[in-house]
Asks: 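Quick one: this structure, given as structure tokens, is what I'll be asking you about.
Each chain gets a letter, A, B and so on, in the order its sequence line appears, and its residues count up from 1.
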There are 4 protein chains.
Amino acid sequence: MGSVKTKRMPRAVREQQMLDAAVRIFGRRGYTAASMDEIAELAGVSKPLVYLYLNSKEDLFTACIRREASALTAAVRSGVRPGLPADRQLWEGLCAFFTHTARNPEGWTVLHLQARTHGEPFAAEVDAMREGIVAFVTQLIDVAAREARPQALGCARPGRHPQDPELPERETAGLAEALVGAAESLAAWANTTPGVSAGQAAATLMNFAWAGLGNLMEGRPWSPPDHD
Amino acid sequence: MGSVKTKRMPRAVREQQMLDAAVRIFGRRGYTAASMDEIAELAGVSKPLVYLYLNSKEDLFTACIRREASALTAAVRSGVRPGLPADRQLWEGLCAFFTHTARNPEGWTVLHLQARTHGEPFAAEVDAMREGIVAFVTQLIDVAAREARPQALGCARPGRHPQDPELPERETAGLAEALVGAAESLAAWANTTPGVSAGQAAATLMNFAWAGLGNLMEGRPWSPPDHD
Amino acid sequence: MGSVKTKRMPRAVREQQMLDAAVRIFGRRGYTAASMDEIAELAGVSKPLVYLYLNSKEDLFTACIRREASALTAAVRSGVRPGLPADRQLWEGLCAFFTHTARNPEGWTVLHLQARTHGEPFAAEVDAMREGIVAFVTQLIDVAAREARPQALGCARPGRHPQDPELPERETAGLAEALVGAAESLAAWANTTPGVSAGQAAATLMNFAWAGLGNLMEGRPWSPPDHD
Amino acid sequence: MGSVKTKRMPRAVREQQMLDAAVRIFGRRGYTAASMDEIAELAGVSKPLVYLYLNSKEDLFTACIRREASALTAAVRSGVRPGLPADRQLWEGLCAFFTHTARNPEGWTVLHLQARTHGEPFAAEVDAMREGIVAFVTQLIDVAAREARPQALGCARPGRHPQDPELPERETAGLAEALVGAAESLAAWANTTPGVSAGQAAATLMNFAWAGLGNLMEGRPWSPPDHD
DNA sequence: AATGAATGAGCGTTCATTCAT
DNA sequence: GATGAATGAACGCTCATTCAT
């Protein structure tokens, strides 16, 4: 895969080959330690061509980040069916997320590790994506809160008004952050622990997130939907 | 800023100054992009002295990782009072963790990001520490499970035997991994979001982890101990 | 002096320029004291190009040794006509040797001095060449011994059998070693003593080696062939 | 031997320890590659002390050369009994030479190889010694020539006049150079070829030098004195 | 559309050498 | 008599980048 040295290809194809190679090398070595030589060689082209198409190492890395971020976002987005209840949506999103990161570990490494270890230009790029995901999760949590209100009415504390968001804004943001962080961490764990599937990782996280450890202890785990 | 350039100091002192500088630079730039020149300059010494005392860039980085890992482990360990119930222990550990990472953000960056982006020699070092923490959390979860059993007896599902562990081993490992990952992620979030204290971060995570989102929705948050 | 700084030359040409410069610098300064900067400058190229083409200082030095060893071996070999009697062959070989070393003193210094002062990688390279020469001389001595036998028959010591080699193996090896050593030493002497030609150096050595000091004293010098 | 770390010794002793160490290291690594650190460590003293006593690397190397040159000259001189005939004197000198170089290989390497591979300051030092030896050998050859005259009278060629030196000056110098060169080369050979004693090396060279290959072929080798 | 040839700048590392004690 | 602490200068090597074709 990757570097069969074929000559005279349309630009778009060559560019993808270069990005493929770059993601691989950046993922393995990190931004600074990766060398343009190695990338060009793995891409099966000469170095000047890389510069002709992608301008500079910085631009190349940025292009990698953008491509991988888009791919990940698209994968998650297309894995979620909007009409479903919040927990189902979250479950599907997590499944899509773990599946994608398992299939594309180097891309995930680029986003999760390598892009964050260097200054503004790159971290900002990845933060944009992350914020999108965090916003999505935040909104799911809010939806869930609204869905849960009816059940909660009986035990609503007196001072609380139904229109108020169930949780203050910062609280929600923190919860989403924690959820996403846990997901990121589990992705690395699932990728390196043999025998852990994307579904299992997603189930573990749903249990953790939805039911809470306390409930788990009391024998009330969150149960994944029977199928699909 | 940096250390005042004083001459002729005992070796041990100089070594600490060097490690301080190194943690700072490694944290900011990453292992590869950090330059020994910059580290030496920030430490207020000449480069040969850095090599005389710490041998090589690799050894210097390893020394940083070890020092920061020890400091973090010690901070968490000394923040937890062993006799308490599991959730209290976890709460205290999280508070200590968030406090330490907030006070020492560059050290935390070295451990969390920089050390993991490069091969075996360094990742192994930090994995050792991480496994220690995960093991601690895993055990807390098990303890909590045992504590929870009496309450759970009434609604115990028929096939379950009291001697069985409440949760299968891999499940527990995944939960611990998720919890630690969430904590790591929240540490970065708390450090960069103005106005979020260590206590708030810990509370957010306890809510998330202990009560679960589901319970939160139903108005049953986990509540931090009143005081201390 | 040195090579005119011309740009954009084919690789093979540049490589020879680099080797020329390297032989010069290595010969003057020795392996360790020679600096790649100086070599590159004398070659009229930038340092990275030297590394691009010749990999490392070690490889560059090895390449120098190999080139000079080949050149010297070729010069000696092509100077000797195989059909002639042993003393004539030796005479021709010595003339070729002294001529070559006089014309290429830095190359000779590299082989004779610099390559031997550093460990295995280089000494082995030059020893291979030297052994070739010693073997050639050894064989000439043996041939001479066989040629000399008829004359020697009259005074042959009784126990000696014609089939026996005239001289035991180690003895022959020692003699060849001495002869080659004397030649090496005379090469340096001829190069630094003004007015000593290659032919004179060769004649001196032939006298020494073939007739022996004892014979010389008795007025029976070995006489070089009248011409050609 | 070498580096037992004893404290507070008189200067002369310390200096000898340093020179011992320096000869060893210089012999092994060469002048440039040898490091003052390694020398100081092997000598069992701190680096500043080496500088206090011997000023600089250059002076230290010079001191090594001088000491080894003196030792070698003294060994050869004291091995030769002046009254004897020239060939006996040469034989004794060679024996002393090969014995000394075999016992002190690192010192010999310093003189023979390392000192010659670097510019003027050191080469001059060793050349002085070498010239002394060459002069000694030259004179022996002249003496031998004078001794040989009576025997040679009968077969003296008509044109030769007794007052003339038997051999022109440059010729003699070349012969001495060749002899010394052969000796130097054989010293290295004897040191690295197992089972070759100093006496055997000396005998090989005497055969070579005194009888000449031609005579050897005719069964008339030079024979070493029976004993002592 | 693509590349062989070439370099300025910098990095990790080491070394001979010197103070201050 | 002896040393721990410290450095300026250089060296081998590599990298991102460009030019001429």
Asks: Report all side-chain donor-acceptor pairs from residues 42-52 of chain B shorter than 3.5 Å, counting only partners two or more places apart or in another chain.
Replies:
from: B:Lys47; atom 1: NZ; to: B:Asp37; atom 2: OD2; distance (Å): 3.2

Asks: DNA chain E: stems of at least 3 consecutive Watson-Crick or G-U pairs, cut-off 3.5 Å?
Replies: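 Stem list for DNA chain E: E:2-21 with F:2-21.
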
Asks: Side chain of C:Arg8 only, please: which of F:dT7, F:dC19, F:dA2 is the nearest?
Replies: F:dC19

Asks: Is any side-chain N or O of A:Lys47 under 3.5 Å from a base N or O of F:dT17, one able to act as donor and the other as acceptor?
Replies: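 Pair found.
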
Asks: What's the closest nucleotide to the side chain of D:Ser46 if the choices are E:dT17, F:dT3, E:dC15?
Replies: F:dT3

Asks: Rounded to whole Å, please give me the gap between CG in D:Asp37 and P in E:dT18.
Replies: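 Rounded to the whole Å, the gap is 15 Å.
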
Asks: Measure the shortest side-chain to side-chain distance between B:Asp20 and B:Arg67 over non-hydrogen atoms and say whether it is less than 4.5 angstrom.
Replies: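 Yes, close enough: below the 4.5 Å cut-off.
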
Asks: Want to settle it: does C:Ala34 or B:Pro48 sit nearer the 5' end of DNA chain F, counting the closest nucleotide to each?
Replies: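 Closest to the 5' end, via its nearest nucleotide, is B:Pro48.
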
Asks: Given that D:Tyr51 and A:Leu49 both sit by DNA chain E, which one's nearest nucleotide is further toward the 5' end?
Replies: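 On the 5' side of the pair lies A:Leu49.
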
Asks: Nearest to the side chain of C:Val45, which nucleotide is it out of E:dA2, F:dA2, E:dT7?
Replies: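 The answer is E:dT7, which lies nearest to the side chain.
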
Asks: For F:dA2, does either OP1 or OP2 sit under 4.0 Å from a side-chain N or O belonging to D:Arg14?
Replies: yes

Asks: Using a heavy-atom cut-off of 4.0 Å across all strands, would you classify A:Arg11 as base, sugar-phosphate, or nothing?
Replies: nothing

